[in-house]
Participant: 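Shown below is the structure under consideration.
Below, chain A is the first sequence line, B the second, and so on; all start at residue 1.
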Number of protein chains: 2
Amino acid sequence: MGSLADISERAGVSIATASRVLNGSKHPVSAAMRERVLNAAAELGYAPSFAARALVTGRTPIVGVIVGDIVDPYFAHIARGVEHVAGRLGYLTMLSSAHRSTEAEIRHLRALRATQARGVIFASSGYTDDPHRQELQQAVDEARESGARVLTLAHRELDCPSVTFDSRAAAYDITDYVVSLGHRRIAFVDGPKGLFTSLERCAGYEAAMAAAGLDPLRFEGGFEYEAGYDAAQHIAAAGPLPDAIIGVNDDVAIGIVMGLRSAGIEVPERVSVAGINDTRPAAYTGLTTVSAPLYELGLTAARIVLAEKGADEPSDKVLPHQLVPRSTTRRAN
Amino acid sequence: MGSLADISERAGVSIATASRVLNGSKHPVSAAMRERVLNAAAELGYAPSFAARALVTGRTPIVGVIVGDIVDPYFAHIARGVEHVAGRLGYLTMLSSAHRSTEAEIRHLRALRATQARGVIFASSGYTDDPHRQELQQAVDEARESGARVLTLAHRELDCPSVTFDSRAAAYDITDYVVSLGHRRIAFVDGPKGLFTSLERCAGYEAAMAAAGLDPLRFEGGFEYEAGYDAAQHIAAAGPLPDAIIGVNDDVAIGIVMGLRSAGIEVPERVSVAGINDTRPAAYTGLTTVSAPLYELGLTAARIVLAEKGADEPSDKVLPHQLVPRSTTRRAN
DNA sequence: CGGAGGATGGCAAACGATTACCACGCATAG
DNA sequence: CTATGCGTGGTAATCGTTTGCCATCCTCCG
């Protein structure tokens, strides 16, 4: 397959020299030697072995990303951001989807540590109350001790540096916006129980409602389309219709829109609906939402994890979000 | 960090014995030794170094997946399938998004080879006519020569085994379905030029139209939502409205629906719309489509790539698809 | 009681790259 | 003419595992 030994033989130099020219060591090498090595390498199609290199340097040019669910566009946007900078810096991105399971997160974390990845970006669910929580933290600590840079993304439930945006404020802002449209009965379809994101967003919603002197109206939900759909069906069938419904994320909000419409309730004519995140499907469907800096989150996280100097760790960084009014909300009449 | 040497010291056995216990070698080890090693390993929190292992075995427990764009749910579903079986088999999944660039595909392929991945599933775009085509094939060949199992997924543009579904037949079937609804003027919004998937689907559409004695009506498009939206706007503004429009994929079809509606044209009342793939957003939006076995494709590919015996390579496998009528199509009146 | 042979355990050689340290040669200065 | 030192190139140790081969020891049989 072409090893340094092959090259050194072909070029008639020592392995050390070959190694030195091939990765621009500070150790000087004459132009003649250099060229011979380069030629030999080109002819042999040399590719250094990550394994051998990792064995001696202790690190591989890999950055791991652990996400909750790769099919969820929320994570896909983040992953894209990470990939972008990792690629430019010559790193490989190892994406693992934990399928919303803390145990899977731990497994992936351990595996990533075994690969001696340069760093891992932990963009997963963020359970605040989980039997495996402690074990997770331990896995994180182990990874960090072994030299990997670990960063939590979009939640802060672990004891390690993080990059986030203010989910609570985002929920507050969208609620506030809906209030400003003149709606009074505003419901909130929550995410899975015990998840950092759900908690924060629900809190933001409730705070905004309280600030407006309104009573909160919370419904159980989830993070997926179906949860919103079901909740909407339930809401439509139950008591008096709210003026507006806010979903814990875009998928849920879209589910709400569809659920409402399938029950014969026009959106936004009779009920306004809004989401949070501004993922791609939100654009599809004209959903009013709050733009979460997902891609930028990935960018930033990767930059921090892959930074040359581990010195200036900002430790905790918060990125801004932005309101995106579209067509699923309208002024109350 | 805990190496075999540490364990062997602590357990008072040789490194060889420790190694044998820890990975169930056929070489017999007494129960006493076994237990001592196991205890020591547990106490030290031992995790074998992938690098060292790879160096001697020549392989890492990694399966690479190269996709066109991770934000595209089409690929996300595939990735999920791969992850599922890879995880159960103890493999790590390394997901790379090529952002629809053949050069990026080549880079990722080379990187994956450098990691000595067990296999790589190449689920990317499939350009049929690309300046880098030959270079890509060469990278694939190199990877295979170096012992990796390479598989193309969902297209067959490279000389290596593949797992696919019949895109052409899918397009044929959905077109045929729309025809059976009584529509005559049926347009097709195509994907990016020169991509295997676009070509196949357009061909399927045209074949079905020809079989029905109808004239095809093809529009330029792309793979993303915006392409469908723009095409719809264009179609709405231009000549006589078609009875139905088929998008090269779901995202495009959804774009068409939105574009049409924003132009004041009701779907499906005035124009029926259908997509292909049955990704998650198709369910959201009630889009009539053809269910492509994306998840199963990932499952199957991973199983083949990770199979113990490289013997029974089915070489080329084709999975079935299925029509999914929903609410964006209706019978012609 | 001698020996065959299975059951166990250890030694040491890889695997491929990095890098500290050494050696040689030649130029320049004293 | 010798000492100093920089510019270059090589030697070899090292990283952590796997594994072929060898050494023991014990058991069972003739």
Side-chain angles (χ1 to χ4, degrees), chain A residues 1-38 40-41 44-62 90 110-111 113-118 146-147, chain B residues 1-38 40-41 44-62 90 111 113-118 146-148:
Chain A
M1 224 246 300
S3 67
L4 265 192
D6 299 336
I7 290 190
S8 69
E9 186 183 353
R10 183 176 192 114
V13 303
S14 75
I15 292 186
T17 301
S19 170
R20 291 201 262 251
V21 355
L22 256 15
N23 48 75
S25 147
K26 40 269 148 212
H27 192 104
V29 175
S30 70
M33 290 286 124
R34 165 171 289 66
E35 187 169 356
R36 274 157 60 189
V37 170
L38 257 20
L44 262 43
Y46 172 72
S49 153
F50 278 25
R53 186 175 289 183
L55 202 51
V56 34
T57 65
R59 296 260 71 95
T60 47
I62 290 178
R110 295 232 163 93
R113 165 163 167 245
T115 68
Q116 292 166 287
R118 181 80 211 88
S146 81
Chain B
M1 224 247 300
S3 68
L4 267 192
D6 300 334
I7 291 190
S8 70
E9 186 182 352
R10 185 178 191 110
V13 303
S14 73
I15 293 186
T17 301
S19 170
R20 291 199 263 251
V21 169
L22 259 13
N23 49 73
S25 146
K26 40 270 146 209
H27 190 103
V29 175
S30 71
M33 291 285 124
R34 174 178 310 283
E35 188 169 355
R36 274 158 58 190
V37 170
L38 257 19
L44 264 42
Y46 173 71
S49 152
F50 278 25
R53 186 175 287 182
L55 201 51
V56 33
T57 65
R59 296 260 71 94
T60 47
I62 290 178
R113 165 164 169 244
T115 67
Q116 292 167 288
R118 180 80 213 89
S146 81

Participant: Of all the choices, C/dC15, C/dA17, C/dG10, which nucleotide is nearest to the side chain of B/Leu55 once you look at every atom?
Facilitator: C/dC15
Participant: Using the rule given for side-chain contact (heavy atoms from CB on, under 4.5 Å), can you reason through B/Val21 versus B/Val13, listing the C-alpha separation, both sets of side-chain angles and the distance that settles it, and then say yes or no?
Facilitator: CA-CA 11 Å; B/Val21 169; B/Val13 303; over 6 Å; no
Participant: Nearest whole Å is fine: how far is C/dC15 C1' from A/Asp6 CG?
Facilitator: 13 Å
Participant: Send over the distance from A/Ile7 CD1 to C/dA17 C1', rounded to a whole Å.
Facilitator: 11 Å
Participant: Between B/Ala51 and A/Gln116, which heavy-atom pair has the shortest distance, and what is it?
Facilitator: CB-OE1, 3.5 Å
Participant: Quick one: is A/Asn23 getting a side-chain N or O under 4.0 Å of the C/dA17 phosphate, OP1 or OP2?
Facilitator: no
Participant: Keeping the roles fixed (side chain from B/Ser19, backbone from B/Ile15), state whether a donor-acceptor pair exists under 3.5 Å.
Facilitator: no
Participant: Which part of the nucleic acid, if any, lies within contact of A/Pro48, taking any heavy atom under 4.0 Å across all strands shown: a base, the sugar-phosphate backbone alone, or nothing?
Facilitator: sugar-phosphate
Participant: Among C/dT8, D/dT8, D/dG16, find the nucleotide with the atom closest to the side chain of B/Pro28.
Facilitator: C/dT8
Participant: Base, sugar-phosphate, or nothing: which does B/Ser30 touch, judged by heavy atoms less than 4.0 Å apart?
Facilitator: sugar-phosphate
Participant: Could you work out which one of D/dT17, C/dA17, D/dT11 sits closest to the side chain of A/Leu4?
Facilitator: C/dA17
Participant: Once you round it to whole Å, what is the distance between C1' of D/dT17 and CD of B/Gln116?
Facilitator: 13 Å
Participant: Consider the side chain of B/Arg20, meaning its heavy atoms from C-beta on, and name the nucleotide among C/dG9, D/dT18, C/dT8 that approaches it most closely.
Facilitator: C/dG9
Participant: B/His27 side chain: which of C/dT18, C/dT19, C/dG10 is closest?
Facilitator: C/dG10
Participant: Which residue lies toward the 5' end of DNA chain C, B/Ala52 or B/Ser14, if each is placed at its nearest nucleotide?
Facilitator: B/Ser14
Participant: Would you mind classifying the nucleic acid contact of A/Ile15 as base, sugar-phosphate or nothing, using non-hydrogen atoms under 4.0 angstrom?
Facilitator: base
Participant: When you get a sec, tell me which of D/dT11, C/dT18, D/dG9 is the closest nucleotide to the side chain of A/Arg53?
Facilitator: C/dT18
Participant: What verdict does the side-chain contact (heavy atoms from CB on, under 4.5 Å) test give for B/Val37 and B/Val29, after you've listed the backbone C-alpha separation in whole Å, the side-chain angles of each residue and the deciding distance to 0.1 Å?
Facilitator: CA-CA 11 Å; B/Val37 170; B/Val29 175; over 6 Å; no
Participant: Write down the distance between CZ (B/Arg34) and C1' (C/dA7), rounded to a whole number of angstrom.
Facilitator: 13 Å
Participant: Within less than 4.0 Å of OP1 or OP2 of C/dG9, is there a side-chain N or O belonging to B/Thr17?
Facilitator: no
Participant: Can you tell me how far C1' of D/dC15 sits from CZ of A/Arg59, to the nearest Å?
Facilitator: 13 Å
Participant: Report the distance from atom CG of B/Leu22 to atom C1' of D/dG16, rounded to the nearest whole Å.
Facilitator: 13 Å
Participant: Quick check for you: among D/dT17, D/dT11, C/dG16, whose closest atom lies nearest to any side-chain atom of A/Val56?
Facilitator: C/dG16
Participant: Under 3.5 Å, side chain of A/Arg118 to main-chain N/O of A/Thr60, donor-acceptor pair present?
Facilitator: no
Participant: Which nucleotide, D/dG16, C/dG16, D/dG9, lies nearest any side-chain atom of B/Ser49?
Facilitator: D/dG16
